[in-house]
4 protein chains.
Amino acid sequence: MQSRTPASRAGRPRDPAADAAILAATRQALVELGWSKLTLGDVATRAGVAKTTLYRRWAGKNELVVDAVAELFDELELPDRGSLADDIEGVVLQFAAILARPEAKSGLMAVVAEATRDDALRERIRSSIVERQMRLVLQGRARAQKRGELPPEPDPREAARTVDLIFDVVAGAVVHRTLVSGKAADEEWVRSFTRVLIGGLASSA
Amino acid sequence: MQSRTPASRAGRPRDPAADAAILAATRQALVELGWSKLTLGDVATRAGVAKTTLYRRWAGKNELVVDAVAELFDELELPDRGSLADDIEGVVLQFAAILARPEAKSGLMAVVAEATRDDALRERIRSSIVERQMRLVLQGRARAQKRGELPPEPDPREAARTVDLIFDVVAGAVVHRTLVSGKAADEEWVRSFTRVLIGGLASSA
Amino acid sequence: MQSRTPASRAGRPRDPAADAAILAATRQALVELGWSKLTLGDVATRAGVAKTTLYRRWAGKNELVVDAVAELFDELELPDRGSLADDIEGVVLQFAAILARPEAKSGLMAVVAEATRDDALRERIRSSIVERQMRLVLQGRARAQKRGELPPEPDPREAARTVDLIFDVVAGAVVHRTLVSGKAADEEWVRSFTRVLIGGLASSA
Amino acid sequence: MQSRTPASRAGRPRDPAADAAILAATRQALVELGWSKLTLGDVATRAGVAKTTLYRRWAGKNELVVDAVAELFDELELPDRGSLADDIEGVVLQFAAILARPEAKSGLMAVVAEATRDDALRERIRSSIVERQMRLVLQGRARAQKRGELPPEPDPREAARTVDLIFDVVAGAVVHRTLVSGKAADEEWVRSFTRVLIGGLASSA
DNA sequence: CCGTAACCGAGACGGTACGTCGAGTCTTTGA
DNA sequence: TCAAAGACTCGACGTACCGTCTCGGTTACGG
């Protein structure tokens with residue numbers, strides 16, 4: 001008896017290379033044109049794919065861009081720099097570097113804006129981007145607890161709330177600095193910000 | 001003595017009521033349709049005005065929405081609740097309340113997204129919205145210094161940097177909480193957030 | 001008090017030159033591409049006009065082609081060659097010459113085919129093309145009656161029926177010869193046909 | 001001697017039932033949708049067949065519809081009503097009845113229209129439909145000659161020309177009456193038409 | 001009785017045109 | 001000069017079919 005995969009049975013299978021080509025083309029178009037001038041027809045052409053192929057796989061511009069941008073954040077990792085403060089600084093700098101790239105800037109805020117009126121889209125953003133990078137916060141806390149910099153957290157509910165708060169503060173501040181204030185989140189700024197964050201967490205514990 | 005503004009010389013003068021009607025119509029359309037489905041033709045119709053009139057006063061959708069949203073934030077004020085922490089809590093709650101309104105949510109993020117590729121637009125946002133509310137931070141610090149909660153700031157450069165940082169952290173965290181995480185910035189969250197912020201500022205001073 | 005023409009009051013008036021340009025472009029496209037490969041986008045481009053302008057004036061391909069083809073038949077006239085038989089021969093030859101032109105061939109049958117499922121279209125064809133050329137039959141009969149070749153028609157009902165019959169026979173035979181049999185309706189054929197027609201009318205009177 | 005059918009050699013043979021199912025489905029679709037809205041995908045679905053199968057047997061929409069319509073005319077036959085005039089009336093009425101059916105109307109004119117730009121298609125129409133029904137004219141003449149209603153035709157060239165002319169007149173008139181004038185070719189009309197035709201032929205002989 | 005070759009269904013593919021919609025401009029009449 | 005009205009150009013939208021292709025699977029026949 002063989003394992004029956006009832007999916008993907010009849011008909012010509014989808015070209016698996018097309019997905020990657022389309023997402024790459026999307027990022028390239030975001031760099032050159034920005035969100036508002038990006039057209040799906042153009043993306044299809046760049047990817048060497050028909051418009052219909054694109055629409056067969058994504059519901060629209062929003063969903064496509066979420067996926068294209070989400071891949072950018074997968075390269076984030078938590079460097080082990082020896083102390084909690086330095087670890088945070090490191091990852092915040094990485095985050096800032098990604099946000100400084102035009103394909104991230106241009107796309108991310110736009111889909112967030114769209115998500116204010118589209119719950120499915122917000123959920124997609126949360127699961128594809130936010131939730132996926134939450135691992136960094138958890139990993140950082142675990143490492144700090146192992147080092148003895150943070151006490152073990154007895155109440156898991158409270159722990160989750162703290163993780164959420166940290167995420168909102170970190171991501172929010174970097175995004176606001178970069179996109180609204182329009183200034184670079186450079187080393188100096190990150191150091192000041194990290195000092196405030198660490199101090200706040202310590203004193204509020 | 002009458003001031004002769006050479007701009008307004010001959011011909012039929014612009015209807016001054018139209019501006020307000022257009023901005024109100026824009027906000028109403030933002031509520032009902034959201035940014036991406038808002039059309040200038042529709043706004044003109046709602047305002048009882050021809051499209052031409054609208055284009056004579058604003059360069060396009062982006063500029064119009066910035067102005068429409070900017071007015072929303074003018075109602076912010078710093079309540080005197082007796083202590084720095086309570087003052088901050090109060091203003092952050094007000095800010096969160098405005099951001100929870102659909103016309104703010106929908107419009108603000110969209111124009112920020114557009115601004116990533118349009119310097120003039122970013123400048124317009126900064127001057128119409130951000131800069132204008134920076135007064136709250138300054139006011140708060142002054143009041144806290146008068147109360148003795150904060151020491152006087154000797155270095156004005158350093159002071160400005162701190163104000164910027166606070167603004168990025170506050171605005172960024174609330175925006176991220178509301179729009180990305182999709183959870184309400186309610187009293188409980190604001191209290192936690194404020195505790196971290198105050199603690200961080202105190203310890204990093 | 002002046003006569004108020006409530007039509008054409010406010011707003012920019014339609015460019016009257018565009019109609020002619022579009023119809024001419026349509027005929028040109030019919031010649032080069034034929035009905036089935038003619039696209040409204042292409043016609044618009046040829047006419048130097050936006051697609052929307054075209055759709056503002058015609059409901060679709062069918063209506064447009066009817067109007068474009070109808071103009072071709074307006075050049076038909078009844079020559080006075082001295083006898084009924086010669087008059088008929090002359091006009092049938094003209095009709096055959098028009099039908100031999102590719103823009104007529106290609107378009108006319110196609111819209112007739114469409115009209116089998118669209119009563120409004122059939123009516124448009126009837127009033128724009130058929131009814132308009134019915135004048136030739138009436139004119140020919142009147143002239144023949146003046147010459148004494150035909151007796152005056154006492155019953156108008158019967159007269160109308162005869163006119164319809166003649167029209168169906170003449171138009172039908174020429175169209176079938178040209179488009180279905182695929183042979184030219186040349187002088188020889190027209191002479192044979194006319195002889196049969198005249199003979200038939202005389203004997204059935 | 002063995003029958004060498006080099007065509008059908010190896011491999012799975014074509015399902016012979018599919019052809020009939022496809023042609024029937026085509027006629028059904030013509031009735032419901034008309035030529036222009038008939039799609040090959042839909043026909044395939046109706047016939048319970050894959051699009052590939054259809055394309056393996058017909059080159060395209062035009063060829064398919066010609067074959068589907070051609071079958072309709074095979075039911076025509078020349079009734080023996082005793083006189084030439086009555087025989088013609090009978091067959092013309094049958095022809096009119098077929099043309100009144102929507103699947104004939106809708107399809108026939110459309111492929112004729114297409115054929116104006118496609119010689120291969122015109123030839124297919126001629127051989128599948130026109131030529132095939134020419135037999136009726138020949139048969140009718142032969143019968144009339146046997147009855148003594150028509151003299152024997154000495155010149156075969158002239159005879160062929162006459163047959164062609166009759167066919168163009170009969171088919172053309174009925175088609176024009178039905179499809180362009182949009183009126184029924186009923187008994188009364190057919191009687192008038194036949195009288196003219198017979199009279200014309202007699203007088204021109 | 002086994003391979004080969006053509007068939008079959010399903011459905012993805014690259015294209016092309018569709019008809020609509022919105023942006024932003026222009027041209028009219030009228031205030 | 002501004003205002004209302006509405007036609008204008010332009011370009012993207014998302015959909016629908018076309019005709020082709022690529023699958024896995026199914027018949028027949030011929031060795």
Side-chain angles (χ1 to χ4, degrees), chain A residues 8-16 18 36-45 47-61, chain B residues 7-15 18 36-45 47-62, chain C residues 8-16 18 36-45 48-61, chain D residues 7-16 18 36-45 48-61:
Chain A
S8 87
R9 267 273 308 298
R12 177 174 175 174
R14 290 192 177 174
D15 179 355
S36 62
K37 307 205 165 173
L38 176 152
T39 72
L40 295 198
D42 179 58
V43 168
T45 304
V49 138
K51 220 173 15 153
T52 33
T53 298
L54 206 153
Y55 277 104
R56 210 175 284 120
R57 302 176 187 214
W58 283 277
K61 196 163 152 172
Chain B
S8 72
R9 268 265 307 296
R12 176 173 174 173
R14 288 192 177 174
D15 178 356
S36 61
K37 307 207 164 172
L38 175 153
T39 72
L40 296 198
D42 179 57
V43 168
T45 305
V49 137
K51 236 187 344 166
T52 338
T53 301
L54 206 152
Y55 275 104
R56 215 172 276 123
R57 302 176 189 215
W58 282 277
K61 195 163 154 172
N62 292 330
Chain C
S8 88
R9 267 275 307 297
R12 176 175 175 174
R14 290 192 176 172
D15 180 353
S36 63
K37 307 208 163 171
L38 176 154
T39 71
L40 295 198
D42 178 59
V43 168
T45 304
V49 139
K51 225 179 1 159
T52 32
T53 297
L54 205 154
Y55 276 104
R56 211 175 284 120
R57 300 176 189 216
W58 283 277
K61 195 165 153 171
Chain D
S8 72
R9 268 265 309 296
R12 174 176 175 175
R14 290 189 177 172
D15 178 355
S36 63
K37 307 209 163 170
L38 176 153
T39 73
L40 295 199
D42 178 58
V43 168
T45 305
V49 139
K51 236 188 343 167
T52 341
T53 299
L54 205 154
Y55 275 104
R56 217 173 275 121
R57 303 175 189 213
W58 283 276
K61 195 165 154 172

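Residue numbering restarts at 1 for every chain, and letters A, B, ... go by the order of the sequence lines.
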Exercise. Toward the 5' end of DNA chain E, which comes first, B:D42 or C:A59, by nearest nucleotide?
Worked result: C:A59
For this session: Tell me what B:T52 touches on the nucleic acid: a base, only sugar-phosphate, or nothing, going by heavy atoms under 4.0 Å.
Result: base
Exercise. Across the strands shown, which category fits A:D15 at heavy-atom distances under 4.0 angstrom: base, sugar-phosphate, nothing?
Worked result: sugar-phosphate
Exercise. OG1 of B:T52 to CZ of B:R57: how many Å apart, nearest 0.5 Å?
Worked result: 11.0 Å
For this session: Using whole Å, report how far OH of B:Y55 lies from C1' of F:dA4.
Result: 16 Å
Exercise. Separation of A:L40 atom CG from E:dC21 atom C1', in whole Å?
Worked result: 16 Å
Problem set entry | Interatomic distance, C:K61 NZ vs E:dA17 C1' [rounded to whole Å] | 9 Å
Seminar exercise, completed: Whichever of A:P13 and C:R57 has the more 5' nearest nucleotide on DNA chain F, that residue is C:R57
Exercise. Can you find a donor-acceptor pair, distance only, under 3.5 Å between C:R12 side chain and F:dC8 base?
Worked result: no
Problem set entry | Selected nucleotide, minimal atom distance to D:T39 side chain, candidates F:dG14, F:dC18, F:dC8 | F:dC18
Problem set entry | Donor-acceptor pair (no angle test) under 3.5 Å: C:K51 side chain, E:dG19 base | yes
For this session: Using whole Å, report how far CG of C:L54 lies from C1' of F:dC8.
Result: 13 Å
Exercise. Counting distance only, does the side-chain N/O of D:R14 pair as donor-acceptor with the main-chain N or O of D:R56 below 3.5 Å?
Worked result: yes
Problem set entry | D:A50 versus D:A44, closest heavy-atom pair with distance | C-CB, 4.0 Å
Exercise. Just to confirm, is there a sub-4.0 Å distance from OP1 or OP2 of E:dC8 to any side-chain nitrogen or oxygen of D:R56?
Worked result: yes
Seminar exercise, completed: Of all heavy-atom pairs linking A:V49 and A:L54, the shortest is CG1-N, 4.4 Å
Problem set entry | Gap between atoms CZ and C1', on D:R14 and F:dT26 respectively (whole Å) | 16 Å
Seminar exercise, completed: Rounded to the nearest 0.5 angstrom, the OG1-NZ distance for D:T39 and D:K51 is 8.5 Å
Exercise. Reckon A:G48 touches a base, only the sugar-phosphate, or nothing at all at heavy-atom distances under 4.0 Å?
Worked result: sugar-phosphate
For this session: Hey, which sits more toward the 5' end of DNA chain E by its nearest nucleotide, A:A50 or B:L38?
Result: A:A50
